[in-house]
> 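Please find one structure pasted underneath; my questions will follow.
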Amino acid sequence: MPLDRFGRNIQYLRVSLTDKCNLRCVYCMPEDIVFRPNAELMQDDELVLLLRLFAELGFSKFRLTGGEPTIRANIVEIVRELRQMEGVRQIAMTTNGVLLGHLAQPLKEAGLDRVNISIDTLDPTKFRRITRWGKLDDVWNGILASEEAGLTPLKLNAVVVRGFNDDDVPSLAELTINRPWQFRFIEMMPFADVADFAQQQIVTDVEIRQIIEDALGPMELVDNGRLDGEARLYRLPGAQGTIGLISSVTEPFCASCNRARLTADGVLRLCLLKDKEVDLLTPLRQGATLEDLKQVILDGIWQKPWGHELGSNVIPLTRVMSQIGG
Ligand code: SAM
Ligand code: SF4
């Protein structure tokens, strides 16, 4: 199993299937973002080959993300191929849910286990303001279709943005009372072109928790505060579901980090908040052997960083979240 120099076992790969998206969330990308030409991104055969190498190296958990993963042509086929690889234990997807109304069932049949769906507000007008043109109904239909298809346990994500949806936190948290969902609130992180916005409008984990408890009463800590992935879980009194708080900025979870990222342009990104990267697609296209590529991956993983330096104003500059694979 791939190991880094701090002794962490890295076996979870988040794969960006595309840098493109059918929405333009204010915290994620500028409205006039220029996407990469397709020829510079991994083609299906290159993607499948690299995924196979990661699986052979001991990666067992895969999350498909982006950009918006559901807009990648052949997404169902890609999931099917991944499912058939030996050693692949879990396949999840992070998506804006817009296309899940018709894709949830075929994705489940192809072997997708579960989805995380982003939904920042239950107010259609605010949803349009945050996503710049999204329709809330599409996402809600996607959520219901995912549940019906069995892409469960369902997790929903909201990035909390001051002045945009901080007053929607209680109504989102309330969804967990009568449904067995995990609703995760994410601290906004600064990246490249959206860094200033993110730093000015951030709502911290402590504030988010206070907003929920002021409105809905004290929450109990679930599992003694043990992290579920990157989220610390809480439960509202009598609730069926749970609330997750993800404090990547104010309380990073580096000690339990077991993940690496493969960007849509075939680069191994070792930490979301650090620009350290290792190119895999160029050597692949230049004819590197599979053994060479595996060694490049292992050497890269060994160098995985620990800790961000946002406090010292060291901000990831090379890519926004959609280009990294959030
Ligand atoms: N398009 C899909 C979606 O929105 O779920 C997947 C890609 S998106 C980049 C993955 C996650 O990153 C989403 O939950 C999104 O809300 C989150 N995200 C995007 N920009 C962020 C930022 N600046 N800080 C924190 N989370 C962010
Ligand atoms: Fe698209 Fe997801 Fe970024 Fe929103 S957060 S712009 S849906 S990639």
Side-chain angles (χ1 to χ4, degrees), residues 14-33 35-36 63-72 75 92-100 103 107 112 114-121 127-136 138-139 142-143 146 151 154-162 164-165 168 172 182-205 208 229-231 244-250 252-253 259 261-264 269 272-273 308 310 315-317 319-326:
R14 297 174 73 106
V15 186
S16 175
L17 295 183
T18 172
D19 63 336
K20 301 172 185 56
C21 189
N22 44 3
L23 301 179
R24 295 284 184 281
C25 302
V26 286
Y27 46 75
C28 181
M29 52 172 88
E31 190 166 6
D32 58 353
I33 188 167
F35 295 117
R36 301 277 297 271
R63 174 172 297 277
L64 306 176
T65 177
E68 177 47 41
T70 58
I71 64 170
R72 174 143 185 162
I75 174 69
M93 179 181 282
T94 300
T95 165
N96 62 31
V98 168
L99 298 178
L100 284 180
L103 275 177
L107 284 169
L112 185 67
R114 10 174 252 93
V115 283
N116 287 35
I117 301 177
S118 301
I119 178 164
D120 295 329
T121 170
F127 186 77
R128 205 171 322 113
R129 181 168 175 236
I130 293 174
T131 60
R132 297 207 174 92
W133 56 68
K135 282 204 261 161
L136 184 63
D138 293 340
V139 180
I143 291 172
S146 300
L151 291 169
L154 203 61
K155 296 186 182 178
L156 305 183
N157 292 342
V159 175
V160 186
V161 190
R162 196 176 304 285
F164 282 76
N165 67 341
D168 296 284
L172 294 168
Q182 186 182 115
F183 203 105
R184 298 139 50 100
F185 294 98
I186 305 173
E187 277 179 348
M188 186 164 44
M189 292 173 273
F191 295 98
D193 294 353
V194 291
D196 288 347
F197 176 83
Q199 283 182 314
Q200 283 155 19
Q201 318 297 128
I202 185 176
V203 182
T204 64
D205 163 9
I208 295 169
E230 63 273 60
L245 296 182
I246 302 180
S247 49
S248 316
V249 176
T250 58
F253 52 96
R259 59 191 64 186
R261 290 177 163 80
L262 179 63
T263 67
R269 171 104 179 182
L272 188 55
L273 291 168
H308 68 61
L310 297 177
I315 285 165
L317 289 176
R319 299 168 186 266
V320 289
M321 187 74 147
S322 62
Q323 294 159 331
I324 299 172

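Indexing begins at 1, ligand by ligand and atom by atom, following the structure's order.
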> Go through the side-chain N and O atoms of Glu68 and Thr18 and say whether any donor and acceptor fall under 3.5 Å apart.
no
> Do Arg63 and Thr94 have side-chain N/O donor and acceptor atoms under 3.5 Å apart?
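Yes.
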> Provide the protein N, O or S atoms situated under 2.8 Å from atom 3 (Fe) of ligand 2; waters are not included.
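Sorted hits: Cys28 SG.
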> Can you tell me how far the CD atom of Gln201 sits from the CG atom of Asn165, to the nearest 0.5 Å?
11.0 Å
> Touching ligand 1 at all, Ala198? Heavy atoms, strictly under 4.0 Å?
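Judged by the 4.0 Å heavy-atom criterion, Ala198 does not count as contacting ligand 1.
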> Return a yes/no value for Cys21: is any of its N or O atoms, backbone included, closer than 3.5 angstrom to an N or O of ligand 1?
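Checking ligand 1 against Cys21, no N or O pair falls under 3.5 Å apart.
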> If we only count N/O pairs under 3.5 Å, is Glu68 in contact with ligand 1?
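Glu68 vs ligand 1: N/O contact under 3.5 Å present.
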> Which atoms of ligand 1 have any heavy atom of Gly66 under 4.0 Å away?
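Those of ligand 1 that fall under 4.0 Å from Gly66 are 7 (C), 9 (C).
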> Starting from atom 24 (N) of ligand 1, which protein heavy atom do you reach first, and at what distance in Å?
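Ranking protein heavy atoms by distance from atom 24 (N) of ligand 1, first comes Met189 N, 2.8 Å.
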> Is any side-chain heavy atom of Met93 less than 4.5 Å from a side-chain heavy atom of Thr70?
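Yes, close enough: below the 4.5 Å cut-off.
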> Note the single closest protein heavy atom to atom 12 (O) of ligand 1, along with its residue, its atom name and the distance in Å.
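Result: Met321 CE, 3.3 Å.
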> Counting from 1, what ligand 1 atoms have a heavy atom of Thr94 closer than 4.0 Å?
2 (C), 5 (O), 6 (C), 10 (C)
> Provide the number and element of each atom of ligand 1 under 4.0 Å from a heavy atom of Asn96.
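Close to Asn96: 2 (C), 3 (C), 5 (O).
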> Going by heavy atoms in the side chains, are Arg132 and Val26 under 4.5 Å from each other?
yes
> Measuring from atom 14 (O) of ligand 1, which candidate in Gly134, Ser16, Ser118 has the nearest non-hydrogen atom?
Ser118
> How close does the nearest protein non-hydrogen atom get to atom 20 (N) of ligand 1, and which residue and atom is it?
Tyr27 CD1, 3.3 Å
> Would you mind listing which atoms of ligand 1 come within a distance below 4.0 Å of any non-hydrogen atom of Asn157?
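Contacts of ligand 1 toward Asn157, numbered from 1: 14 (O).
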> Considering only heavy atoms of Thr65, which atoms of ligand 1 have at least one such atom less than 4.0 Å away?
6 (C), 7 (C)
> Return the closest protein heavy atom for atom 26 (N) of ligand 1 as residue, atom name and distance.
Val159 CG2, 3.5 Å
> Which atoms of ligand 1 have any heavy atom of Gly67 under 4.0 Å away?
1 (N), 2 (C), 6 (C), 7 (C)
> Does Glu187 come within less than 4.0 angstrom of ligand 1, counting non-hydrogen atoms of the residue?
yes
> Please state which part of Thr95 comes within less than 4.0 Å of ligand 1, counting heavy atoms only: side chain, backbone, both or neither.
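It is the backbone that gets close, since no side chain atom is under 4.0 Å.
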